[in-house]
Amino acid sequence: MAVNVISRYNNLFNRIKKATVEDASELFYDVRNFYAECKEIDSVSARRIVDKYVEKFQQMLDDNTAAYNKKNEKLNEAKNEHYDFTGEKDDTGAVQTMLLQLMGSLPKANNKANAYAINTTIDKALKSGVIGCRAVLALAQYPAYEDIVNERQRARAVSGSKSSAQRAFENLMEKTQAEYGKQCVALYHQGARLRRLNKRVDSFMKSIREDEANAANVTRPSFWGSDDVAEVMRMQA
């Protein structure tokens with residue numbers, strides 16, 4: 001029996017040492033069974049393997065929390081990254097010129113009769129490139145023209161107003177945020193599994209402490225049958 005306890009102890013010790021989060025649940029039940037079956041044979045080894053598991057499990061919880069916080073911080077940093085326009089060529093003059101051309105080409109009245117001409121003029125500006133798109137956005141800022149640019153055209157203007165460098169930057173940030181977000185979700189779910197298991201671990205440890213407290217308070221029998229009987233005999237003597 002002692003040899004079996006030693007063999008199981010060594011096996012559990014090595015498994016705990018190499019354990020990953022995926023092993024935590026199965027390992028917990030094996031440790032709990034080992035303790036229940038071996039505490040009467042070798043209480044020291046039984047308690048030692050429990051403590052070893054709890055130490056490893058707590059490290060898993062701490063590592064998960066630290067990893068999640070780090071990835072979440074990276075995610076927030078990526079969300080707060082903004083494109084630096086200072087490196088781009090100043091095209092204010094070209095945009096202003098295009099804006100004036102637009103204003104001069106558009107019909108004065110925004111009605112059904114002029115709808116085709118308005119849409120054709122704005123779409124032509126949008127197709128011309130970055131300058132034209134920026135001019136349309138500038139046009140939409142004027143109260144007299146804000147109703148002339150429809151939602152579809154506004155969306156095209158926003159997308160088309162970006163330089164190739166800005167689009168590359170935003171695509172990179174989008175991919176970066178998606179990757180960090182995916183990692184945060186995985187770590188969150190991993191932590192949730194660990195926290196659920198932690199409730200069982202805490203309950204198990206509570207039962208161990210209660211057993212140990214009860215064992216410490218048990219009256220130990222003496223040669224006379226009990227400590228109380230022995231005390232009476234000493235007083236009579």
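Because the structure is predicted, anything quoted here is derived from the model rather than measured.
In this structure, the separation between CD1 on Ile118 and OG on Ser105 is 12.0 Å, given to the nearest 0.5 Å.
Pairing each heavy atom of Val136 with each of Ala157, the nearest pair is CG1-CB, 4.1 Å. Minimum heavy-atom separation, Arg154 to Leu137: O-CD2, 4.2 Å. Scanning all heavy atoms of the two residues, the minimum distance from Ala46 to Lys39 falls at CB-CA, 3.8 Å. Considering every non-hydrogen atom in both Leu194 and Ala24, the closest pair reads CD2-CB, 4.4 Å. For the residue pair Met173 and Ala78, the shortest heavy atom distance occurs at SD-O, 3.9 Å.
More than 12 heavy atoms of other residues, nucleotides or ligands lie within 6.0 Å of NZ in Lys56, so this atom counts as buried by the packing criterion. Counting non-hydrogen atoms of other residues, nucleotides and ligands closer than 6.0 Å to CD of Glu26 gives a total of 12 or fewer.
Under a 4.0 Å N-O distance rule, the pair Asp30/Arg15 qualifies as a salt bridge. Between Asp51 and Arg47 there is a salt bridge, since at least one side-chain N of the basic residue sits less than 4.0 Å from a carboxylate O of the acidic one.
Judged by distance alone, the side chains of Asn69 and Glu73 never bring a donor and an acceptor atom under 3.5 Å apart. Inspection of the Asp123 and Thr120 side chains reveals no N or O donor paired with an N or O acceptor under 3.5 Å. Under the 3.5 Å distance criterion, with hydrogens and angles disregarded, a donor-acceptor pair is assigned to the side chains of Tyr29 and Arg200. Of the N and O atoms on the side chains of Glu210 and Asn214, not one donor lies less than 3.5 Å from an acceptor on the other residue. Donor-acceptor pairing under 3.5 Å is lacking for the side chains of Gln59 and Glu55. Judged by distance alone, the side chains of Glu88 and Tyr83 do bring a donor and an acceptor atom under 3.5 Å apart.
Remark: the backbone N or O of Arg156 is not paired with any side-chain donor or acceptor of Ser159 at under 3.5 angstrom. No donor-acceptor pair under 3.5 Å is formed between the side chain of Asp91 and the backbone N or O of Ala94.
Relative ring orientation between Tyr188 and Tyr68 is described as tilted, the plane-to-plane angle lying within the 30° to 60° band. Below 30°, between 30° and 60°, or above 60°: for Tyr9 and Phe13 the angle between ring planes is below 30°, a parallel geometry.
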Applying side chain to side chain donor-acceptor pair (under 3.5 Å) to Glu37 and Asn33, what does each step give before you reach the verdict? CA-CA 6 Å; Glu37 296 166 10; Asn33 290 339; 5.2 Å; no
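Clustering ILVMFWY residues whenever any of their side-chain heavy atoms sit less than 4.5 angstrom apart, transitively, puts Val95 in a cluster other than the one holding Val149.
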